[in-house]
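Notes to accompany the following structure.
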Amino acid sequence: MRRVPAPLPPLPRPRRRSRWATTVLAVLALLAGTALTVSGVAAAAPQAWTPKPAPMTTPWTNQVPVDMPLPEYPRPQLTRPDWANLNGIWDFAVTAADAGRPASFTERIRVPFVAESALSGIQRKITQNDKLWYKRTFTVPSGWNGRRVQLHFGASDWRTTVWVNDRQAGATHDGGFDSFSHDITALLNSGTNTVVVSVWDPTQTGTQAVGKQRLNDVTPHPGGGIFYTAASGIWQTVWLEPVAAAHITRLDMVPDLTNNRLRVTVRGAGTSGHQARVTVSAGGTTVGTATGPVGGEFTVPVPNARRWSPDDPFLYDVRADLLSGTAAVDSVGSYAGMRSIGLARVDGVLRPVLNGEFVFQTGTLDQGYWPDGIYTAPTDAALRYDLQKHKDLGFNMVRKHIKVEPQRWFHWADRLGLLVWQDMPSMERTPDAAGRTQWEAEYDRIIDQHRSSPSLVMWVNQNEGWGQYDQARIADEVKAYDPSRLVDNMSGVNCCGAVDGGNGDVVDHHVYVGPGTTVPSATRAAVLGEFGGLGLKVAGHEWYPGGGFSYEDQPDPAHLDDRFVGLIDGIREVRLPRGLSASVYTEITDVENEANGLLTYDRQVVKVDEARVRAANRALIDASRSPAAPVTLPTGQYRSLRVTTPGYTDRYLRHRDGAAFTDVVNGGSDALLRSDATWRIVPGLADSTCYSFESRNYPGEYLRHRDHRVYKEGGSGDLFRADATFCPVRGANGGVRLSAHNFPGQYLRHFGAELWLATPGGTHTWDSPSRFTEDTTWAVEAPWAP
């Protein structure tokens, strides 16, 4: 366990071409990744505003600018040089949900932090009975004259209406996780303009996508479980952008590795009679260019494409020009990663394949909550930090759980090289017809806004049955809408009343602590959508001291390290060879009263040994690329199992009075002892790829574990068969370790001459780390009683 000393320095910004800029100032601002700070954009004065004290401070809490928090360009896959950031201090008021605009705005809020957060300066509970009101002024830079002005919202939760100079801009927007824009050109004055925004958020009292937000107290309190503080109102960057009358609105890019080309669709507004040109380059050198229709797909050659992967997240620069004749009337910058994702049979097992090759996807559940900003990371460096920690810890994947992050989060995942599973935020209850229409429309918009990100490889439609409906139909429709990615119809089909749609690309189980026994089918790969949940409370770094919970508490960092590595090793040694293709550990950070993060909620402490965790993850990934030959045992034959622990190598596994022990056996031993120490190896009662051990002198009775102790017993039923099945793992010096089929990563161990099912990092006496590997390794030898 170590302290996090300070935020990391920023990574280099992606290059942008200076010839697109209209002024030197615009170029400099773009290269810095920040908004124009020209005098023409009036920032509200920060008078009479202060942040509230955060319940926990992150390394970035005190680095948030007052006037312009999150100054970075918010849309990295569709860039233009001119823009103006409207983040900062806005006038603010709260009225009844059905009230009109207030006569006065008596408070001030720092946008884009939600009203429940400390960083907003408001920090109080907002309910379905409230409506939030925001107001600020701005002027449009004179250099934008002659262009259309767009007002963009990265996200606002949930029903948002915008007025500019007392006239409504566009239609009211319903949705908490997708971006939206209004063309406000016709509403502008030549001087100072006023924008007013109202937001109503019913949180879990509505039928909209809500994720894990609940109407709880905003200050730390006991309870809450796996649900957290609500996040109401504007929570992503608000910004202005000038565009030509004919302009590009979206750039969809799908890599086609088979044909070494990029399939592109340039979408636009006011583009009748125009053509689109897309140029792909690397290091300033053009590798391919093509011209095609606006709104229709065409292809750009990318010869000998360098493939994007977690180990080599190479990104090509992309430029799209909107052409009127031969003249470019609009140009945007972007980037693309050349990669493929799909399913294929690998050694007879259905697996997800990246760029045609199977690589085990090991990741964490990332919920994206912050003690200071709740839904909004305090800075861009903070947003990147959690993803960087995944890389530092050896993970190659992240499941973004029940939330959709800003586009800059996807930008960092693309640049750092992490595979992303993106959840569609769930509803709190099964929705009515209007709720279904809204949820599906918002899902489509989310897909559209992130469909060009190379890191995003799977859509996760629903989770554990929350608000579930029409699982099969939705999975089919998502796959048809975005056939370039995998689709998970339900994460946790085995949990909590979930109903499996039976389709999609993966069968996804949740097993705590796990890793469980998920297996692939003829049509779906096997993934472990959630497991782990190992908890460790760190004094001084708890959201509500003493209130934290986990799926399995650990007494100290050493046990946490051993237990975590044991779980990953169990996946590598037992479940990977039997068809598991991906796993999602719960979770990367603590969240409020959940204490099962690898980091504390404030990101101040890394709880685990980074080197050990990284080595375990890398070993798992490497094993998927170069699988070892499976360990096999001679079925239908009698064998004896000898202890390999130095000093005890004359002892054998035997049964006595119905329980399993080890005892010294040699040529002088009586016939009963030799018979007790002999076992018939048969295909596993619960899994024929594993094994069961039948007593030589009590046919029909088998070695089985029960409450950790190991016995010789007869029985029937699924539980007995699972308890009596062991999967072999290669041990040292030709030995074999026997992992419980239903508890992968727990091994048959002799301890004090008794046989136990022992857990690496466990807290029982028989889990002692001393000689753990030696005590769990057995030599399979000729039988004492043939």
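On a predicted model such as this, the values are computed, not experimentally measured, just so you know. Heavy atoms only: backbone and side chains are in, while hydrogens, waters and symmetry mates are out. Positions are given from 1, in the same order as the sequence printed here.
Salt bridge status for Asp91 with Arg108: present, with a side-chain N to carboxylate O gap under 4.0 Å. Comment: Lys125 does not engage Asp130 in a salt bridge, judged by the lack of any side-chain N to carboxylate O separation of less than 4.0 angstrom. Using a 4.0 Å cut-off between charged nitrogen and carboxylate oxygen, Asp448 and Arg445 do not count as a salt-bridge pair. Look at Glu440 and Arg436 and you find no salt bridge, because none of the NZ, NE, NH1 or NH2 atoms lies under 4.0 Å from a carboxylate O.
Put simply, CG on Asn489 and CG on Asp470 are 11.5 Å apart, with the number rounded to the nearest 0.5 Å. Considering CD1 of Ile184 and CG of Asn193, their distance stands at 7.0 Å, rounded to 0.5 Å.
His152 and Glu241 form a side-chain donor-acceptor contact under 3.5 Å, judged by distance and modelled atom types alone. For the residue pair Arg399 / Ser491, a side-chain donor-acceptor distance below 3.5 Å is found, with atom types taken as modelled. Side-chain contact of Thr61 with Asp372: a donor-acceptor pair under 3.5 Å is present, judged by distance alone. Looking at Thr203 and Gln128, their side chains never bring a donor and an acceptor atom within 3.5 Å of each other.
Checking each of Trp235, Tyr228, Tyr601 against Tyr369 for a ring pair (Phe, Tyr, Trp, His ring centres under 6.0 Å) leaves exactly one that passes, namely Tyr228. Of the candidates Trp163, Trp90, Trp200, Trp163 is the only one forming a ring pair (Phe, Tyr, Trp, His ring centres under 6.0 Å) with Trp133. Remark: of the listed residues Asp380, Leu387, Asp414, Asp386, Leu387 is the sole one forming a side chain to side chain contact (heavy atoms under 4.5 Å, CB included) with Trp409.
When side chains are defined from C-beta on, Ser455 does not count as touching Leu418, because their heavy atoms never get closer than 4.5 Å. You'll find the side chain of Asp201 stays beyond 4.5 Å of the side chain of Ile126, heavy atoms only. The closest side-chain heavy-atom distance from Glu405 to Leu383 is below 4.5 Å.
A search for side chain to side chain donor-acceptor pair (under 3.5 Å) contacts involving Gln204 returns nothing, not counting sequence neighbours. Legend: residues meeting side chain to side chain donor-acceptor pair (under 3.5 Å) with Asp366, ordered by chain and number and at least two apart, are Lys400. With sequence neighbours excluded, the residues satisfying salt bridge (charged side-chain N to carboxylate O under 4.0 Å, His left out) with Arg124 are Glu107.
Across all non-hydrogen atoms, the minimal contact from Pro378 to Trp60 is CG-CB, 3.8 Å.
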Open item on the list: Go through it in stages, so that I can follow the logic: the residues are Phe92 and Tyr134, the test is ring-ring contact (aromatic ring centres under 6.0 Å, His included), and I'd like the CA-CA distance, side-chain angles, deciding distance and then a yes or no.
Closed with: CA-CA 5 Å; Phe92 183 70; Tyr134 303 76; 5.4 Å; yes
Open item on the list: Run the ring-ring contact (aromatic ring centres under 6.0 Å, His included) test on Trp158 and His173 for me, step by step, so that the C-alpha distance in whole Å, both residues' side-chain angles and the decisive distance to 0.1 Å come before the verdict.
Closed with: CA-CA 8 Å; Trp158 176 72; His173 178 80; 8.8 Å; no
Open item on the list: Quick one, Phe138 with Trp144, criterion ring-ring contact (aromatic ring centres under 6.0 Å, His included). Give me CA distance, side-chain angles, the key distance, then yes/no.
Closed with: CA-CA 14 Å; Phe138 65 91; Trp144 295 7; 9.1 Å; no
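Judged by the 6.0 Å and 45° rule, Arg415 forms no cation-pi pair with Tyr335. The cationic atom of Arg603 (NZ for Lys, CZ for Arg) lies less than 6.0 Å from the six-membered ring centre of Trp370 and within 45° of the ring axis.
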